[in-house]
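The next block holds one structure in the form of structure tokens; read it before the comments.
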Amino acid sequence: MSVDYLSALNTNGSGLNITQIVDSLVQAETAPQKNLIQAKIDTRNTAISALATLSSELSSLKTNIEGFSGTSKYSATSGSTVNTITVSDTSKASEFTSDVQVTALATSQTLEFSGYTSPTQELATGSISVDFGTWSANGASFTRDTSVSAVTAAISDSNKTLAGIASSLNALTGISASVVKKANNSYSLLVRSEPGADNAVRLTVTPSASGSAITALDTTSDNASHQTVAAANAALTVDGISITREANNISDLFEGYTLDLTATTSSSFRISGQLDTTSAFTQMQSFISSINTSRNTLNELTKTGSATAEGGPLNNDPTAEAIVKKLRTLTSGALVGFGSTSLYLSNLGVRTNLDGTLSLTKTAFDTAMASDSATFDAVFNSMATSDSDYLDVSQSSTADITPGTYAWTFNSSSNAATLGGSTLTSSTDADGNTVYGPTTGTLLGVSVTPSQTVASANVFIGKSLVDTLTDFVGETIQSAGDLAARQTQINSEIADLDIDTAKLDDRMESIRKRYTTQFSAMEALVTSMNNTGDFLTNMMDAFNKDS
């Protein structure tokens, strides 16, 4: 309750509670505006909280769908429990069956230098040069691979111990080294090459001084005495054909698959790649579930209010509604760059419900996969392909190329190649193949390797739905993205409303002062009139008494 000090001090006034009257008049004049401003501030604070929820949900969506990248519609099986096969390139994998027998595993050359008493035992300074190539069967003669450059380790006073030399050799490309304890006061330095007969090593030591102990690591003349394991290729028979490979991890035998060898076999075993619609359906259902979970959250945040239900905190928010619309467009729109025609998620039997969520039945999915399973790959795997079997196309994982169809041309007389109208330059890869690719421009990151002359063809650059969604969500939630920009805008609006509140408070004070002045003047007038009335009353009382 307001204390009316003015009336309390002025006992001969109107008797009205002036302070209370002024407060009531100020409140009546400014309350609607103040309530309106506060309502706007509350709405915007709620929106900021809802945008944080939206950002968190989108972040979860991004994490969830990233895990689907690389999903294959094929399942690879092996009749051997120790030699396994997996899908490694979904753009090239297809159904196959083969019988394989492993007769030898690829091995690394292993050299042992023994007779040391401690890892800290010092040898001497100098340099150790490592050549790569092939040793003869008896380990006596070496044929250097001139296409591979030698590597050298410098041995100084700081690293001339056995452990220091092992560390220096281990840092070189193509070999590894370690110190092994064989018994008390008995240590050996082990040096290993990469697997494969052509990856064996020859160590050439150049000591800083003659008679140096470091020369014991030289294998130019006594390789056989140090070699404990010879470098060798893996040998296997595939459907009756003898095949060798440098490594036990073989990715160029069955296109799109990687065969991992860990043991030899006495007989053949069957490996295969088969279309697995059951596993594919499970993956598709999980993918759809991730999208639907986020879509339901977005629907709640942006739902329109009615007479019986309150709207979502981001109802009519332009940024939130644009995100909802974009997500629906991406899941229902065309996937280009996977062939001459566009593909759609609906090709797999996926349907878009009225609320934007997706639905799929096993029957519809199986029917669609039996008809054409290409869309499944387009959903989960970005690809670079060609309509020519003689063009091998690849794309850098960091390249951001607009999906679509690009024309390949090659002029045999000038050996000039173009892609999408851009001139390509040629280079040679490690296997001696000619590779074409741009050095600048929008197609940077694409490379084309012809296996024979192809005058013209189409190259397809396809971006999967998973990668498209991941990129969109990532751009939206990043610090410079649309959500952050919207939050900044709303915070700015709140700051403006805070200024309006401060201005209204100043106006209220001005109104209060005006009413206080006016009522003070009124109270003074009433007091004056009351004093005059009291004077006249007293005068008349005195007059009547004298009479």
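This structure is a prediction, so every number in the text was calculated from the model and none was measured.
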Less than 4.5 Å apart, any side-chain heavy atom of [X] and any of [Y]?
{"X": "L327", "Y": "L469", "value": "yes"}
{"X": "D145", "Y": "T134", "value": "no"}
{"X": "V100", "Y": "N83", "value": "no"}
{"X": "S72", "Y": "Q283", "value": "no"}
{"X": "I155", "Y": "S168", "value": "yes"}
{"X": "N347", "Y": "D372", "value": "no"}
{"X": "F338", "Y": "T375", "value": "no"}
{"X": "I250", "Y": "L236", "value": "yes"}

Judged by atom type as modelled, is there a donor-acceptor pair below 3.5 Å linking the side chain of [X] to the main-chain atoms of [Y]?
{"X": "T219", "Y": "L203", "answer": "yes"}
{"X": "T425", "Y": "G437", "answer": "yes"}
{"X": "T488", "Y": "A484", "answer": "yes"}
{"X": "S167", "Y": "A163", "answer": "no"}
{"X": "S290", "Y": "S286", "answer": "yes"}
{"X": "S289", "Y": "Q285", "answer": "no"}
{"X": "T262", "Y": "V82", "answer": "yes"}
{"X": "T258", "Y": "T86", "answer": "no"}
{"X": "T357", "Y": "N353", "answer": "no"}
{"X": "S55", "Y": "L51", "answer": "no"}

N381 and side-chain hydrogen bond (donor to acceptor under 3.5 Å, both in side chains): which single residue from T90, D467, D89 fits? T90

Just one of D471, T468, T402 clears the side-chain hydrogen bond (donor to acceptor under 3.5 Å, both in side chains) bar with K463, so which one?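 When side-chain hydrogen bond (donor to acceptor under 3.5 Å, both in side chains) is applied between K463 and each of D471, T468, T402, only D471 qualifies.
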
Between [atom1] on residue [X] and [atom2] on residue [Y], distance to nearest 0.5 Å:
{"X": "L275", "Y": "E95", "atom1": "CG", "atom2": "CD", "answer": "5.5 Å"}
{"X": "T152", "Y": "I128", "atom1": "OG1", "atom2": "CD1", "answer": "9.5 Å"}
{"X": "I477", "Y": "S59", "atom1": "CD1", "atom2": "OG", "answer": "4.5 Å"}
{"X": "F254", "Y": "T97", "atom1": "CZ", "atom2": "OG1", "answer": "10.0 Å"}
{"X": "Y436", "Y": "N415", "atom1": "OH", "atom2": "CG", "answer": "5.5 Å"}
{"X": "N292", "Y": "L298", "atom1": "CG", "atom2": "CG", "answer": "12.0 Å"}

Sequence neighbours left out, what passes side chain to side chain donor-acceptor pair (under 3.5 Å) with [X]? Give chain and number order.
{"X": "N433", "result": "D429"}
{"X": "S98", "result": "D239"}
{"X": "S49", "result": "none"}
{"X": "R486", "result": "D317, Q489"}

Verdict with supporting geometry, R245 and D252, side-chain contact (heavy atoms from CB on, under 4.5 Å): CA-CA 9 Å; R245 290 292 187 274; D252 62 350; 2.9 Å; yes

Can you confirm whether K326 is buried at NZ, in the sense that more than 12 heavy atoms of other residues, nucleotides or ligands lie under 6.0 Å from that atom? no

Between F68 and F380, how do the two ring planes meet: parallel, tilted or perpendicular, split at 30° and 60°?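 Tilted: the ring planes of F68 and F380 meet at 30° to 60°.
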
Specify whether F410 and W408 have parallel, tilted or perpendicular ring planes, treating 30° as the upper limit for parallel and 60° as the lower limit for perpendicular.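 The rings of F410 and W408 lie parallel, inter-plane angle below 30°.
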
Using the rule side chain to side chain contact (heavy atoms under 4.5 Å, CB included), only one of T146, N199, T173, I175 pairs with F132; which is it?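 Running side chain to side chain contact (heavy atoms under 4.5 Å, CB included) over T146, N199, T173, I175 with F132 returns exactly one hit, I175.
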
Under 3.5 Å, sequence neighbours excluded: what are the donor-acceptor pairs made by side chains of residues 445-452?
| residue | atom | partner | partner atom | Å |
| --- | --- | --- | --- | --- |
| S447 | OG | S394 | OG | 2.5 |
| S451 | OG | Y390 | O | 3.4 |

Say whether S388 and S386, considering side chains only, have a donor N or O and an acceptor N or O under 3.5 Å apart. no

Test item: side-chain donor near acceptor, T418 and T409, under 3.5 Å: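 Judged by distance alone, the side chains do pair up.
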
Who pairs with F365 by ring pair (Phe, Tyr, Trp, His ring centres under 6.0 Å), at least two apart in sequence or on another chain?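 Once residues adjacent in sequence are excluded, the partners of F365 under the ring pair (Phe, Tyr, Trp, His ring centres under 6.0 Å) criterion are F281.
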
Heavy-atom closest contact ([X] atom, [Y] atom, distance):
{"X": "D387", "Y": "A457", "result": "OD1-CB, 3.6 Å"}
{"X": "L360", "Y": "V350", "result": "CD1-N, 3.8 Å"}
{"X": "A334", "Y": "S342", "result": "CB-CB, 3.8 Å"}
{"X": "A200", "Y": "A231", "result": "CB-CB, 4.0 Å"}
{"X": "N223", "Y": "G139", "result": "ND2-O, 3.3 Å"}
{"X": "V229", "Y": "S108", "result": "CG1-O, 3.5 Å"}

Before giving the answer on side-chain contact (heavy atoms from CB on, under 4.5 Å), spell out for I85 and L259 the whole-Å C-alpha distance, their side-chain angles and the decisive distance to 0.1 Å. CA-CA 4 Å; I85 187 166; L259 179 63; 4.2 Å; yes

Could E321 and K325 be called an ion pair, given the rule that one side-chain N must be under 4.0 Å from one carboxylate O? no

side-chain contact (heavy atoms from CB on, under 4.5 Å) between N64 and I291, worked out: CA-CA 9 Å; N64 290 336; I291 294 176; over 6 Å; no

side-chain contact (heavy atoms from CB on, under 4.5 Å) between I323 and L483, worked out: CA-CA 9 Å; I323 291 172; L483 285 180; 3.7 Å; yes

Evaluation steps, side chain to side chain donor-acceptor pair (under 3.5 Å), between T84 and S78: CA-CA 6 Å; T84 59; S78 171; over 6 Å; no

